[in-house]
Structures are given as C-alpha cells and as structure tokens.
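No hydrogens, no waters, no symmetry mates; every other heavy atom, side chains included, goes into these values.
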Amino acid sequence: MNERDTATILPDYLQRQTTRVRIFTTWGIVEGDYGHPPGVLLSNSLRNAGASERYLILTNATMRTLDGGEMDRDAASAPFVLVNPAQASAIVPLEAESEAAR
C-alpha cells in the first residue's frame with residue numbers, strides 16, 4: 001500500500017478559499033461563506049460566477065429581511081443557500097482583509 005497521504009493532494013479546480021459575504025437581494029439579506037479559487041480576487045470570482053453560473057453558492061448561511069428583521073425561525077439559517085445572481089443588487093465582503101491589501 002502506498003504510504004503517501006493522498007487526501008492532501010487536491011486538483012486546482014477543487015481547492016477553495018472562502019470569504020464571508022453579505023448579499024442584498026430583492027427579498028432580503030443573505031450572509032454566508034462564498035468559495036472561490038485561491039489567489040483569485042473575490043470581485044473577479046463573483047464577476048465570472050455571475051456571468052456563467054446559474055447560482056452563487058453560500059455555505060453557513062443566515063438570512064433576514066431587508067429591514068433587518070428575522071425571517072421564519074426555520075428559514076433563518078441553512079448549511080447552504082443558492083442565490084440567483086440576477087437577484088443580487090449588492091455583494092459586500094465581510095472579511096477583515098480587503099482585496100486592496102492583497
């Protein structure tokens with residue numbers, strides 16, 4: 001049996017960096033972790049995803065109404081949420097490290 005740990009070897013397309021984002025939509029506000037390729041600016045990744053992907057995938061997501069109120073308790077958080085890019089009016093990174101600092 002091979003003694004190398006193959007679990008640590010991942011193809012480039014599987015490697016992901018996550019950035020916490022807040023998405024303002026027509027129906028409410030969604031916060032979650034957005035996965036994108038390491039070394040790629042968040043803005044470039046979102047632009048590419050918005051142009052070619054049907055949905056933006058957020059993990060560890062929370063949702064609330066536009067006025068900041070809570071949604072239905074069962075719908076207030078989810079392990080993942082799919083957001084239609086056409087419904088996103090603004091996407092704000094919540095990470096302390098900004099793209100300008102990279």
Is any side-chain heavy atom of Thr65 closer than 4.5 Å to one of Ile29? no
Within the 4.5 Å heavy-atom criterion, are Ile91 and Leu42 side-chain neighbours or not? no
Of all residues at least two apart in sequence or in a different chain, which pass the side chain to side chain donor-acceptor pair (under 3.5 Å) check with Thr26? Gln87
Only residue of Val30, Leu46, Val21 satisfying side chain to side chain contact (heavy atoms under 4.5 Å, CB included) with Leu56 is Leu46
Across all chains, not counting sequence neighbours, the side chain to side chain contact (heavy atoms under 4.5 Å, CB included) partners of Leu82 are Tyr55, Ile57, Phe80
Min side-chain heavy-atom separation Met63-Val81 under 4.5 Å: yes
Are the side chains of Asn60 and Thr18 in touch, meaning some heavy atoms are under 4.5 Å apart? no
Where at least one partner belongs to residues 30-45, residue pairs that pass salt bridge (Lys or Arg N to Asp or Glu O under 4.0 Å), sequence neighbours excluded: Arg20-Asp33, Arg22-Glu31, Glu31-Arg64
Does a side chain donor of either Ser45 or Tyr34 reach within less than 3.5 Å of an acceptor in the other side chain? yes
